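The block underneath contains the structure these notes are about, expressed in structure tokens.
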Number of protein chains: 2
Amino acid sequence: MGLKQSTSKAAAKPREAAAPSGSQTLLRGLDVLEAAAGGVIGLADLAERLELTRSTAHRLASVLVERRYLAFAPREGYTLGPKLLELGFSARQQMNIIRIAAPHLEALSVATEDTVHLGVQEGALALYLDKIPGRRRVEIGSRVGERQPLTTTGLGKALILDESEERWHELFMADLGARATENAFRIWLKRMRAYARDGHAFDLEENEDRIRCVSAPIREAGGRIAASISVSSAAQYMSDSRMEQLAKEVKATTAAISRELGWRGDPPRA
Amino acid sequence: MGLKQSTSKAAAKPREAAAPSGSQTLLRGLDVLEAAAGGVIGLADLAERLELTRSTAHRLASVLVERRYLAFAPREGYTLGPKLLELGFSARQQMNIIRIAAPHLEALSVATEDTVHLGVQEGALALYLDKIPGRRRVEIGSRVGERQPLTTTGLGKALILDESEERWHELFMADLGARATENAFRIWLKRMRAYARDGHAFDLEENEDRIRCVSAPIREAGGRIAASISVSSAAQYMSDSRMEQLAKEVKATTAAISRELGWRGDPPRA
DNA sequence: TGCAGAATTTCATATTATGGGATATAATTT
DNA sequence: AAATTATATCCCATAATATGAAATTCTGCA
């Protein structure tokens with residue numbers, strides 16, 4: 001089969017370090033798919049960006065077109081195809097938190113006019129499951145399917161509200177990396193204690209500049225935090241007093257969703 | 001590489017006839033993905049359904065898990081992963097008709113309490129791009145990303161309203177296949193002429209039993225039909241008089257969307 | 001009409017996917 | 001607790017399949 005890639009196995013790829021063994025063809029096919037997620041891309045660019053020959057890129061892309069994962073416009077390039085609409089839809093269906101939460105998120109977005117997110121914890125990160133854009137002309141730089149740190153986002157903080165302070169420390173250090181000082185942690189910890197007490201969290205331009213948000217956890221039957229939601233907007237729309245007001249609305253929404261998930265009880269679990 | 005599949009190339013697969021040449025690994029990977037779209041599936045079932053060995057199924061699935069296309073719960077099985085949420089979202093973004101139409105479809109669904117669909121023509125079929133479920137307890141058996149015949153669905157008929165009668169004949173015969181008689185066509189044609197005149201179409205339990213729907217075309221800048229929408233419900237909610245009333249609402253909605261697509265003009269193009 | 005860039009096909013080569021089986025891990029029963 | 005099952009993961013020789021250079025066919029544009 002290939003001739004070139006044998007050398008570039010261990011080090012060359014700036015991707016995740018893993019995967020020395022695997023299915024090259026499948027991996028490359030997925031690379032092609034993801035390259036097209038960024039927008040229309042021609043065969044030449046595709047081949048270059050992925051360091052494939054034109055033949056290989058063409059062959060992989062053709063298979064994906066045949067299976068409707070990509071769409072191809074002759075002198076234009078490749079775009080994501082309808083199969084991904086279908087699978088995306090199915091993926092949503094399979095996560096019933098999304099289904100249950102969706103109408104509540106909609107309502108909250110309409111009421112606040114701001115962008116609403118839904119997320120869950122995946123490993124040591126917050127995974128964005130849904131996003132309802134607000135009416136305001138503010139672009140929130142988040143994408144469904146993406147992951148963000150737990151300790152520096154509103155969504156993330158709400159997800160770890162029940163964790164121990166030791167765990168908080170671990171996560172904080174892991175997220176901040178070299179930039180983490182013990183002093184920074186103490187300040188953060190003080191805020192987190194208040195958030196945990198109040199059952200909601202804020203994000204004050206920590207993760208994204210000029211963006212503030214208000215978040216709260218969703219609890220499932222046993223009281224465990226299963227997900228969280230947040231309302232985000234530009235700092236100019238997010239005065240301290242409005243954030244306090246929003247906290248109530250967000251908590252009313254998470255309470256309604258939690259109830260649908262079978263949780264009956266008061267914020268702090270006994 | 002493989003040993004078994006060499007014989008089963010031409011005939012064995014009841015899939016689409018094509019693809020004698022291709023990237024087996026990629027194709028199989030996509031098969032795995034689609035098998036998981038049906039719901040949780042264990043490794044054993046997966047291997048059996050796709051006629052793969054456990055090793056191969058495991059290897060492919062592991063790659064898909066690593067890339068987050070699948071999620072794996074140890075004693076449970078594989079489900080669609082968050083990457084598909086992301087790509088599904090991106091695919092929607094790339095089709096700007098979906099973006100533009102979405103709020104209008106929402107509003108129509110709320111107003112009518114019924115299921116609203118958006119679709120475009122893809123080849124000789126209608127492709128479902130979006131679906132907003134209604135409030136009523138009626139399950140409409142359609143899935144986003146799926147394709148249905150043009151001549152027997154409301155969505156489809158609205159898409160071909162501008163076609164010639166010759167083309168209608170071709171499509172009708174192709175869709176109905178062996179069941180198509182010239183007499184059946186004459187009856188259908190008579191209705192289609194009325195639909196084309198009125199700028200909307202009905203579907204009277206032709207495609208799905210006990211489901212009726214009202215549809216209308218969306219036109220882009222040049223007047224060409226770019227998409228269509230439909231309102232569907234159980235026949236019991238769809239009296240003839242209500243359908244006439246709905247036709248007005250649906251057309252008001254398509255007019256609004258068409259205007260956003262840059263089309264200024266009256267229903268029949270000059 | 002002819003050109004240039006893009007799309008597609010061909011084909012010999014050996015790299016990489018394959019699958020049988022062996023091994024490890026975890027649930028379930030005796 | 002030990003035995004039993006079912007499931008998950010790993011290993012490796014084999015050759016089938018993916019590969020890429022180049023040739024060929026398209027297609028839009030000047």
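These figures come from a predicted structure and were not determined experimentally. Order of the sequence lines fixes the chain letters, A, B, ..., with proteins taken first and strands second; residue numbering starts at 1 for each chain.
Among residue pairs with one or both ends in residues 55-76 of chain A, those qualifying as ring-ring contact (aromatic ring centres under 6.0 Å, His included) are A:Phe72-A:Tyr78; sequence neighbours excluded. Residue pairs satisfying the ring-ring contact (aromatic ring centres under 6.0 Å, His included) criterion with at least one member in residues 23-52 of chain A, sequence neighbours excluded, are absent. For the ring-ring contact (aromatic ring centres under 6.0 Å, His included) condition, no pair includes a residue of residues 23-57 of chain B, sequence neighbours left out.
A:Leu171 is linked by a side-chain contact (heavy atoms from CB on, under 4.5 Å) to A:Ala124, A:Leu150, A:Thr151, A:Ile160, A:Arg167, counting only residues two or more places apart in sequence or in another chain.
Atoms CZ (B:Arg28) and P (D:dT17) sit 8 Å apart, rounded to a whole Å. A:Glu48 places its CD atom 12 Å from the P atom of C:dA6, with the value rounded to the nearest Å. One interatomic measurement links the two molecules: CG of B:Leu60 to C1' of C:dT16, which rounds to 13 Å at whole-angstrom precision. In this entry the distance linking NE2 of B:His58 with P of C:dT25 reads 13 Å, nearest Å. Regarding B:Glu76, its CD atom lies at a distance of 12 Å from the P atom of C:dA27, rounded to whole Å. A straight line from CG of A:Leu27 to P of D:dA18 spans 14 Å, rounded to a whole angstrom. Going from atom CD of B:Glu66 over to atom P of D:dT9 covers 12 Å, rounded to whole Å. Here the C1' atom of nucleotide D:dT9 and the CG atom of B:Leu46 are 15 Å apart, to the nearest Å.
Between the side chain of B:Ser55 and the base of C:dG20 there is at least one donor-acceptor pair of N/O atoms closer than 3.5 Å.
Residue B:Thr25 is classed as a sugar-phosphate contact, given heavy-atom separations below 4.0 Å to backbone atoms only. As judged by a 4.0 angstrom heavy-atom cut-off over every strand, B:Arg54 is placed among residues making no nucleic acid contact.
Remark: side-chain polar atoms of B:Gln94 are paired, donor with acceptor, to backbone N or O of A:Ala36 under 3.5 angstrom. A:Arg67 places a side-chain N or O within 3.5 Å of a backbone atom of B:Leu27 that can act as its donor or acceptor partner. With hydrogens and angles disregarded, a donor-acceptor distance shorter than 3.5 Å links the side chain of A:Ser228 to the backbone of A:Leu155.
Partner of B:Arg219 under the side-chain contact (heavy atoms from CB on, under 4.5 Å) criterion, out of B:Thr254, B:Ile257, B:Asp162, B:Leu261: B:Asp162 alone.
In terms of position on DNA chain C, the residue among A:Phe72 and A:Leu26 whose nearest nucleotide sits closer to the 5' end is A:Phe72. Residue whose closest nucleotide on DNA chain D sits further toward the 5' end, between A:Leu52 and B:Arg59: B:Arg59.
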Give each protein N/O atom lying under 3.5 Å from an N/O atom of nucleotides 27-30 of chain D, with the pair distance.
none

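Comparing the start and finish of the helix from C:dT1-D:dA30 to C:dT30-D:dA1, five pairs each, the helix axis swings through 50°, to the nearest 10 degrees.
Taking the side chain of B:Gln24 as heavy atoms from C-beta on, and the options C:dG19, C:dT8, D:dT17, the nearest nucleotide is D:dT17. With C:dT9, C:dG19, D:dG20 as the candidates, the nucleotide lying closest to the side chain of A:Thr53 is D:dG20.
Within a 6.0 Å sphere centred on CD of A:Glu51, other residues, nucleotides and ligands contribute 12 heavy atoms or fewer.
Residue A:Leu127 comes nearest to A:Gly145 through the heavy atom pair CD1-O, 3.4 Å, listed as atom of the first residue, atom of the second, then distance.
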